[in-house]
Amino acid sequence: MNKKSTKDILQAPRGMRDFFGEEFKKRKNFYKIAEEISERYGFSGIETPIMEHTEIFQKGVGEGTDIVDKEMYNLTTTGGDKLTLRPEGTAAIMRAYIEHGMGSLQGAQMLYYSGPFFRHERPQKGRYRQFYQFGLEVMGSKEARYDAIIIKTGYEILKSTDKEIIVEINTLGNNEERKKYVDILRNFYMKNIDSIGESDKSRVETNPLRILDSKDKNTKSVNENAPSILNYLGDDSIKHFNIVKKILEENNIKYEVIPSLVRGLDYYEHTVFEYITINSDGNKSDALGGGGRYDGLAETLGHNKSVPSVGLGLGVDRIIDITDINIDEKSNIIPILKLTNSTNLDIYIKKIIKELNNIKKVIIINHIQKFDKQIKFIKKNGYRYFIIIDEKIIKENKIILRSLKDDINEQININELKNRIREIYKKL
Ligand code: AMP
């Protein structure tokens, strides 16, 4: 056994970190925002153990993947059970879905979860051995609209960081098409075996799909001529993919089709996607999260029925590292105050709520009390800005945005409120 010095053991294990102070608050705030948005889209929470039987991941994630071959934290209990610290969420959630007979419940199950995951990777910026994900799954439906709902919900969560988010998307076709394509790809790499990178050679047999997104310089130039999955899709798969893309377009979600996007886990079919942002140097960031459809996973785990499903995992560590999520919970809420108690103003309140949807939660302050009492309440509770609806100017669609710190009133058109608030909060 590798004996450690006292100095070594007084440090967290490599690739694992402590969180406290502002970092702790930021993370907590991210989960809160993510949960709120997910619940708004109809998801409800689930929590599963931190360990599962090793086979869940061996079968689910698949032999030949980096995770199963190299990165799992495995242990044998004193009773002889082989358990693994979860390297990802989906296979475990599917195990829970099967165990609790969720298939007999009405409709597709829409679930969210969060927590630590473990992969024994080489630690570097944005890559840790204990990392955290916020995940979503829709289990029990083949419908392409759920692929889009998953992508959209993740997109909304990431948009709350105020960064530009781009969805990279691809399809792997159904299981048969994917298998056929993998064979075609294997043949292609066999023919080019001398030109691809050393580390990719062993993957030609085991997992040729992964060679497609290789970072190796030589492999990358071979990949320029690799066959594209998009030429091997059947009609149903094309239709499925088109529905997903159409819904994204209808929702103004920016996406790019990247035919080499395959993702590292074995269970995906049809839609796969990743979210990225643009770094300050103008380059694409590492993936902030990603996911896809996994119609065959339940059967791979040994279940006697298919449970078509789609899901995603957002990388909390990277999101916090790369983006600047608001650290102060209160800064995500904007109180609205009515100068007069007229129900005619309610339509304007609705307008404001709609305008601020996804960037700030709105609370309406009880207008029965005197105005200065209301202000006192807002101050005491640490709000920095609030909105005043004044009958005199609301007819022109204008409200007052008031800063408590410097006591400044600004008149703003409701349609411009979102941009102005984004601007202000970026500077805080
Ligand atoms: P995956 O479960 O591999 O699909 O990963 C989903 C997201 O989790 C990635 O896009 C990353 O943002 C994040 N992630 C995966 N592995 C790590 C890691 N070792 N350290 C930090 N974040 C990770």
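As the structure lists them, so they are numbered: ligands from 1, and atoms in each ligand from 1.
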Is it the case that T90 and E137 place a side-chain donor and acceptor less than 3.5 Å from each other? yes

Is a side-chain donor-acceptor pair under 3.5 Å present for D213 with S260? no

Using a 3.5 Å cut-off on N or O atoms only, is D317 in polar contact with ligand 1? no

Compute the shortest N/O to N/O distance between Q133 and ligand 1 and return yes if it is under 3.5 Å, no if not.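 Looking only at distances, the answer is yes, because the N/O contact criterion of under 3.5 Å is met.
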
Could you tell me, atom by atom, which parts of ligand 1 come under 4.0 Å of a heavy atom of G313? 6 (C), 7 (C)

Element-labelled atoms of ligand 1 that are located less than 4.0 Å from some non-hydrogen atom of E121: 16 (N), 18 (C), 19 (N)

Per the ring pair (Phe, Tyr, Trp, His ring centres under 6.0 Å) rule, what does the pair list look like for residues 274-319, sequence neighbours excluded? Y267-Y294, F273-Y275

Can we say D317 and R27 salt-bridge, meaning some charged N sits less than 4.0 Å from an Asp/Glu carboxylate O? yes

What I want to find out is whether K284 reaches E274 closely enough, with some N-O distance under 4.0 Å, to be called a salt bridge.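 Answer for the salt bridge query: no.
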
Check for a donor-acceptor pair, side chain of E177 on one end and backbone N or O of N174 on the other, with a separation under 3.5 Å.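 Here the side-chain-to-backbone pair exists.
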
Tell me whether R263 reaches ligand 1 (any heavy atom closer than 4.0 angstrom to a ligand atom). yes

Any idea which part of [X] is under 4.0 Å from ligand 1, heavy-atom wise: side chain, backbone, both or neither?
X: E274; value: neither
X: L288; value: backbone
X: R318; value: side chain

Ring pair (Phe, Tyr, Trp, His ring centres under 6.0 Å) filter on Y132, not counting sequence neighbours, yields F19

Relative to atom 10 (O) of ligand 1, which among G292, G126, A287, G135 owns the nearest non-hydrogen atom?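 Residue with the shortest heavy-atom distance to the ligand atom: A287.
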
For atom 17 (C) of ligand 1, the option (of Y128, F117, F131) bearing the nearest heavy atom: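 It is F131 whose heavy atom sits nearest to atom 17 (C) of ligand 1.
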
